[in-house]
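See structure below.
The figures that follow rest on heavy atoms only: side chains count, while hydrogens, waters and symmetry mates do not.
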Amino acid sequence: MSAPAKSPITHVRHVGMAVPNFDQSVEFYRNTWGLDLVAEDNGLAFFGTPAHPENYIVRVRKDSDKRLDLISFAVDTAGDVDALAQRLGTADITLVREPEHLDTPGGGYGFRFFDPDGRLIEVSSDVEERAARALEPRESIPQKLSHVVINSTDVVATKTFYEQHLGFRLSDWLEDHMCFMRVRTDHHILAISQGPHTSLNHVSFEMRGIDEYMRGTGRLTRAGQPPIWGPGRHGAGDNTFSYFLDPTGNVVEYTTELEKIEDDDAWEPRRFESKPEAADQWGTGGLITEQMIPAMFNDPDKGLWVPAPV
């Protein structure tokens, strides 16, 4: 099956995580990380940002095990949902949920399936939007969900799946162990990294600008949670980075100024080496830290090939 000429996916909607320390995680994402708690019910918490109309961008679910529940991507219309579900079905990819109306906050219409590593993916349209406002200068809270990075034991196979079935396009490589994938002008909304096991690498949140990004980094540092890597500026993607640990040990990132690819067809993927100037153009964060390496590999995901209960 040839890849779609253009991906029907427009952006990453939200990431769902299961956590054994629910109350601590809710406290972190609301009061430390700077998100709005938009809904909470029976061990489920949904977080949005006042600066983006997406109904919510992070979902935290209480569970005895830590796992990645799902990654949710957006398409424009219900017709796009149906067409993509049919495309996957034709390729003998089993749908965990057939296209249907969603009962999570904001509703919508969508379906779910497993990618080749066994992580749950949701595609949806027509989710009700929230009122949004522009962030004020110096307001150091996330503006939107920027991108998600996942670990795979076979980067090439996982990359090929997202290209052939979902229409993602390759933006760049970091050597041969990490690829950056796009669907529109953002350099990447998904990156796939070689890991010792399948797991979540990190979730990245975009700030209003450089000043707000630095103020957010400083705010967490003052709160006793300094970055495990950063502040710095990557080569691939040209974006800033400050990486932190959430209470469950997942890596979360403040970023801004992610590179834009305006001429999709003319873009030639580049290959970056693991050198100091590629890892961090500024030289402030330096090469990846000893703390960051095991943190980004994360724990082996206990939720693979198991549908999330919500």
Side-chain angles (χ1 to χ4, degrees), residues 12-49 54-72 104-105 117-122 140-142 144-151 193 195-205 216-230 241-255 289-310:
V12 56
R13 281 199 193 279
H14 63 262
V15 175
M17 297 175 283
V19 299
N21 51 353
F22 179 74
D23 292 340
Q24 190 180 3
S25 295
V26 170
E27 171 72 15
F28 173 82
Y29 282 103
R30 177 172 52 185
N31 294 325
T32 304
W33 199 244
L35 298 177
D36 288 345
L37 180 64
V38 300
E40 184 176 6
D41 179 47
N42 195 29
L44 271 172
F46 302 85
F47 298 91
T49 165
E54 193 63 61
N55 199 281
Y56 60 95
I57 60 175
V58 171
R59 188 188 90 178
V60 174
R61 181 177 63 84
K62 185 177 182 179
D63 199 294
S64 58
D65 288 327
K66 169 187 174 182
R67 62 169 282 184
L68 173 66
D69 265 354
L70 58 84
I71 301 172
S72 177
T104 41
D117 293 326
R119 65 180 61 81
L120 189 64
I121 304 298
E122 179 181 272
S140 59
I141 62 174
K144 71 170 188 175
L145 182 59
S146 173
H147 58 269
V148 183
V149 180
I150 55 178
N151 295 319
S193 181
H197 46 253
T198 299
S199 58
L200 176 65
N201 184 296
H202 71 267
V203 183
S204 181
F205 299 79
T217 300
R219 179 167 48 80
L220 263 79
T221 300
R222 290 192 185 108
Q225 293 189 234
I228 60 174
W229 188 24
F241 66 89
S242 291
Y243 296 99
F244 304 87
L245 286 175
D246 79 359
T248 316
N250 292 312
V251 179
V252 287
E253 178 190 29
Y254 280 159
T255 191
T289 62
E290 291 185 3
Q291 187 180 9
M292 180 66 179
I293 293 172
M296 72 176 184
F297 285 154
N298 213 332
D299 303 313
D301 199 313
K302 295 183 178 180
L304 302 177
W305 304 109
V306 179
V310 179

Practice problem: Assess whether side-chain contact (heavy atoms from CB on, under 4.5 Å) is satisfied between Asp301 and Leu200, documenting all intermediate values. | Solution: CA-CA 8 Å; Asp301 199 313; Leu200 176 65; 5.5 Å; no
Practice problem: Starting at OG1 of Thr104, measure out to CG of Leu44 and round the result to the nearest 0.5 Å. | Solution: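 The CG atom of Leu44 is 9.5 Å from OG1 of Thr104, to the nearest 0.5 Å.
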Self-check item: Nearest-0.5 Å distance, CG of residue Asp65 to NZ of residue Lys302
Solution: 4.5 Å
Any heavy-atom pair between the side chains of [Y] and [X] that's under 4.5 Å?
| X | Y | answer |
| --- | --- | --- |
| Ser146 | Phe205 | no |
| Val310 | Arg59 | yes |
| Lys66 | Asp299 | yes |
| Glu253 | His147 | yes |
| Val15 | Leu68 | yes |
| Glu54 | Thr49 | no |
| Lys62 | Asn42 | no |
| Ile228 | Leu245 | yes |

Quiz item: Can you find a side-chain donor-acceptor pair between Asn151 and Ser199 that sits under 3.5 Å?
Solution: yes
Exercise. Using only heavy-atom distances, determine whether the side chains of Asn201 and Asn298 contain a donor-acceptor pair under 3.5 Å.
Key: no
[X] versus [Y], closest heavy-atom pair with distance:
| X | Y | value |
| --- | --- | --- |
| Arg119 | Asp117 | NH1-OD2, 3.0 Å |
| Pro105 | Ala39 | CG-CB, 4.0 Å |
| Thr217 | Tyr254 | N-CD1, 4.0 Å |
| Val58 | His14 | N-CB, 4.1 Å |
| Pro227 | Thr221 | CD-OG1, 3.5 Å |
| Phe22 | Glu40 | CE2-OE2, 3.6 Å |

Review item, side-chain donor-acceptor pairs of residues 24-33, under 3.5 Å, at least two apart:
residue, atom, partner, partner atom, Å
Gln24, OE1, Asn21, ND2, 3.4
Ser25, OG, Asn21, O, 3.1
Ser25, OG, Asn21, OD1, 3.3
Ser25, OG, Thr248, OG1, 3.4
Glu27, OE1, Asn31, ND2, 2.9
Glu27, OE2, Asn31, ND2, 3.1
Tyr29, OH, Asp246, OD2, 2.7

Quiz item: How far apart are the C-alpha atoms of Arg67 and Arg61, what are their side-chain angles, what is the distance that settles it, and do they pass the side-chain contact (heavy atoms from CB on, under 4.5 Å) test?
Solution: CA-CA 10 Å; Arg67 62 169 282 184; Arg61 181 177 63 84; 3.8 Å; yes
Self-check item: Validation row, ring centre His202 to ring centre Tyr243 under 6.0 Å
Solution: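 Ring centres of Tyr243 and His202 closer than 6.0 Å.
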Exercise. For the pair Asp36 and Phe47, evaluate side-chain contact (heavy atoms from CB on, under 4.5 Å) and give the outcome as yes or no after the intermediate values.
Key: CA-CA 5 Å; Asp36 288 345; Phe47 298 91; over 6 Å; no
Quiz item: Given Asp63 and Asp69, is the side-chain contact (heavy atoms from CB on, under 4.5 Å) satisfied, shown in steps?
Solution: CA-CA 10 Å; Asp63 199 294; Asp69 265 354; over 6 Å; no
